[in-house]
Every structure is written in C-alpha cells, then in structure tokens.
Amino acid sequence: MIMILIGPPGAGKGTQAKRIDEAFGVVQLSTGALLRASIASKTELGLKAKTLVEAGNLMPDDVVIALVSDRIDQPDCANGFILDGFPRTIAQAEALDVLLREKGLSLDHVIEIKIDADLQVKRLTGRFECGECGEGYHDSYKLPRIEGVCDRCGSSDFIRRADDKEDRVRTRLDIYQQETRPILPYYRARGILKSIDGSKDLDDVTRQLKEVLSPAQ
Ligand code: AP5
C-alpha cells in the first residue's frame, strides 16, 4: 500500500502515520523527520536545512524529491509506505508521479486530514518530546507522570522543535495555504482524494483513517 497523508502542520499526520504503520506494516516516510535527522547529524544537507526548516520555510523541491527517491529504494519500503509531509507543492506532486512510474509503483490513497487553525497552533506550541527516546508529550494533553521525568526512559532531557514557536507556526500555516493546499485538486481530479476530520480525538481519527483504508464490505 502506498499512501499520502496531507494536512496542515499539527493536523496529526505524524501521529496517525505511526499508528497506521503499526496496524498495516507500512513504513512512515516523513520528510520533516528526515530533514531534522540531517540537521542533528550536521551533514551538508543538514546545514542548509537548519536555516530553512527552523524558520518554518520549505526546502527546495529538488532536494526533497531526491531525499524521497532514495528513501523509497530502502528495503523496508518494499511492503509500502506512508508519505507524511510529501508532496507539499505541485512540483513535488508531479515529480512523485514520475518517480513512482519509474519505479513501477502506484499510489493507492491520498488522505487529507482537516483541522482548524486555532487547534493547530495549540497542538504545535504545546508539543515537546524526550530528547533521549523521542516519547511525545504536550503541555495540555499529555504531561509526564512525574514532572520533568520521561515516563518511558527516565531521562530529564526534553526538547521542543525550533519551528514550533508561535511565529514560525504561523509561517508554516501560511505556507500550507499557499503552496500545499493547491495540490488537493490535483488528486481530487484523479478521484483518489478522501478527507477526514482531524479535530476529533486520536482514536476517532485513527478509526476514520482505517475506514478509508479498509472500508466495511
Ligand atoms: P514536518 O515535520 O512534516 O512538519 P509539519 O507538516 O509542519 O507537521 P508536524 O509534524 O508539525 O505536524 P503533524 O501533522 O505531523 O502533527 P503531529 O502528529 O505531530 O516538516 C517540518 C519542516 O520540514 C517543514 O516546515 C519544512 O521546512 C520541511 N519539509 C518537510 N517536508 C518538506 C517537503 N516535502 N518540501 C519542503 N520542505 C519540507 O501532531 C501535533 C501535536 O498534536 C502532537 O503533540 C500530537 O500528539 C497532537 N495531536 C495529534 N493529533 C491529535 C488529536 N487527534 N487529538 C489531540 N492531540 C493530537
């Protein structure tokens, strides 16, 4: 199964992609996570990404397309993959079509996760994670059971994404409206776009997703 999750920052793409990965055994392929890993390891790509990504701006199309092309070729993508955060521009959507055709693959689902702007800001500005094991937390929805101590690994090293500061979140939301939303008609015209409500609780959003992926007979 090959699918795209489209939605504004904070819609829940990453959270739901992990759940679908567990349920269906298809790998989550997050371009944002790939870029943050390159920033952390201070590669040449990472140095370029640091300025753009942390300010909330998009990376150039050719860089991200090459990153996705390489990642799809890894053996763990053989059973399928969930594109989380890609494509984000019309040029990326067109390049993905070419790339999949060249690799003899085809797209099964494109799912839009819809959510209001106010909720997006709340979700993103309150988000933090354990710097050791990556366990996710939130100021409003999920605090560690013991203050300052990770539930999973006991570390007291917590990090917040630089692009989750409110001004950068607003930049990301604007860019989503200008650059990414215009790709929805591209997929709607092909009849493979479905939309779900991302403002519901986590389990309800997962249920909606599963219903699209395996509709009741
Ligand atoms: P990326 O990492 O893709 O960030 P994003 O699209 O802004 O998405 P987020 O990860 O912030 O949100 P999400 O929808 O995954 O929500 P999440 O599940 O985490 O990209 C980062 C940057 O990399 C971009 O700005 C750009 O610079 C660059 N980049 C990446 N791809 C690129 C591309 N293709 N081209 C060019 N540049 C690119 O949830 C958010 C929070 O809400 C969490 O705390 C979560 O627990 C909580 N939450 C989620 N769902 C629910 C729910 N239903 N109820 C309650 N809480 C919820």
Side-chain angles (χ1 to χ4, degrees), residues 4-21 28-40 45-46 48-69 71 82-96 99 111-130 134-143 158-166 168-181 183 196-209:
I4 296 174
L5 280 183
I6 300 182
K13 303 180 296 294
T15 307
Q16 296 298 333
K18 283 193 190 78
R19 290 176 162 216
I20 296 302
D21 180 346
Q28 174 194 14
L29 199 168
S30 157
T31 40
L34 290 173
L35 291 166
R36 282 187 291 281
S38 73
I39 293 174
L45 169 66
K48 186 172 185 180
K50 188 169 169 58
T51 324
L52 287 171
V53 172
E54 292 188 353
N57 293 309
L58 294 185
M59 286 291 282
D61 290 331
D62 57 338
V63 173
V64 189
I65 291 161
L67 208 59
V68 169
S69 179
R71 184 65 188 86
I82 306 161
L83 292 163
D84 160 12
F86 180 92
R88 261 177 149 99
T89 62
I90 294 273
Q92 290 180 19
E94 290 171 349
L96 177 65
L99 207 141
I111 303 176
E112 175 197 15
I113 307 184
K114 290 183 165 180
I115 177 188
D116 291 339
D118 288 350
L119 197 49
Q120 291 161 43
V121 174
K122 184 175 180 193
R123 283 189 185 173
L124 296 177
T125 53
R127 166 171 72 173
F128 60 102
E129 67 177 34
C130 173
E135 181 72 4
Y137 296 96
H138 196 280
D139 294 329
S140 306
Y141 310 126
K142 186 189 167 195
L143 287 167
F158 291 98
I159 50 174
R160 288 178 191 262
R161 274 171 49 174
D163 61 345
D164 278 349
K165 293 197 170 75
E166 186 162 347
R168 297 171 202 188
V169 166
R170 302 237 176 241
T171 301
R172 289 158 62 201
L173 299 185
D174 287 348
I175 290 176
Y176 178 79
Q177 294 299 330
Q178 288 156 20
E179 303 282 343
T180 308
R181 271 199 77 192
I183 68 179
I196 62 168
D197 181 357
S199 62
K200 305 288 185 200
D201 70 43
L202 285 171
D203 290 342
D204 191 284
V205 180
T206 308
R207 182 194 55 73
Q208 294 176 60
L209 262 173

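FYI, side chains are in, hydrogens and waters are out, and symmetry mates aren't considered; it's all heavy atoms of this structure. Just so you know, ligand 1 is whichever comes first in the structure, and atom 1 is the first atom listed for that ligand.
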If you have a sec, work out which protein heavy atom is nearest [atom] and how many Å separate them, to one decimal?
atom	result
atom 2 (O) of ligand 1	R36 NH1, 2.9 Å
atom 4 (O) of ligand 1	R161 NH2, 3.2 Å
atom 7 (O) of ligand 1	R172 NH2, 2.7 Å
atom 57 (C) of ligand 1	R123 NE, 3.6 Å

If I apply the N/O under 3.5 Å rule, does [X] come out as touching ligand 1?
X	value
P87	no
G10	yes
Y137	no
F86	no
L124	no
K13	yes
G7	no
D164	no
Q92	yes
R88	yes

**Asked** So, are D203 and R19 salt-bridged, with charged N and O less than 4.0 Å apart?
**Response** yes

**Prompt:** Looking at D204 and R207, does any basic side-chain N land under 4.0 Å from a carboxylate oxygen?
**Reply:** yes

**Request:** For D84 and Q28, test the side chains for any donor-to-acceptor distance below 3.5 angstrom and give the result as yes or no.
**Result:**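 Judged by distance alone, the side chains do pair up.
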
In ligand 1, which numbered atoms sit nearer than 4.0 Å to a non-hydrogen atom of [X]?
X	answer
P8	14 (O)
T15	17 (P), 18 (O), 39 (O), 45 (C), 49 (C)
G14	13 (P), 15 (O), 18 (O)
D201	53 (N)
N57	26 (C), 27 (O)
H138	44 (O)
A11	14 (O)

**Heavy-atom nearest option to atom 36 (C) of ligand 1, drawn from R127, M59, E179** =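 Result: the heavy atom closest to atom 36 (C) of ligand 1 is in M59.
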
**Item:** Option nearest atom 28 (C) of ligand 1 (shortest heavy-atom distance, choices L35, T171, L58, I6)
**Value:**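 Checking each option, the heavy atom nearest atom 28 (C) of ligand 1 is found in L35.
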
**Request:** Look at the rings of F128 and F158 and say which category their plane angle falls in: under 30° parallel, 30 to 60° tilted, over 60° perpendicular.
**Result:** perpendicular

**Prompt:** What do you reckon, does K200 put a non-hydrogen atom under 4.0 Å from ligand 1?
**Reply:** yes

**Prompt:** Looking only at heavy atoms of K142, does any of them come nearer than 4.0 Å to an atom of ligand 1?
**Reply:** no

**Asked** Got V205 and T15 here, is their nearest side-chain heavy-atom distance under 4.5 Å?
**Response** no

**Item:** Student check: side-chain heavy atoms of L5 and I20 closer than 4.5 Å
**Value:**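 Side-chain contact under 4.5 Å: no.
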
**D116, CG atom: more than 12 neighbouring heavy atoms under 6.0 Å** =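 Counting neighbours around CG of D116, 12 or fewer heavy atoms of other residues, nucleotides or ligands fall under 6.0 Å, so no.
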
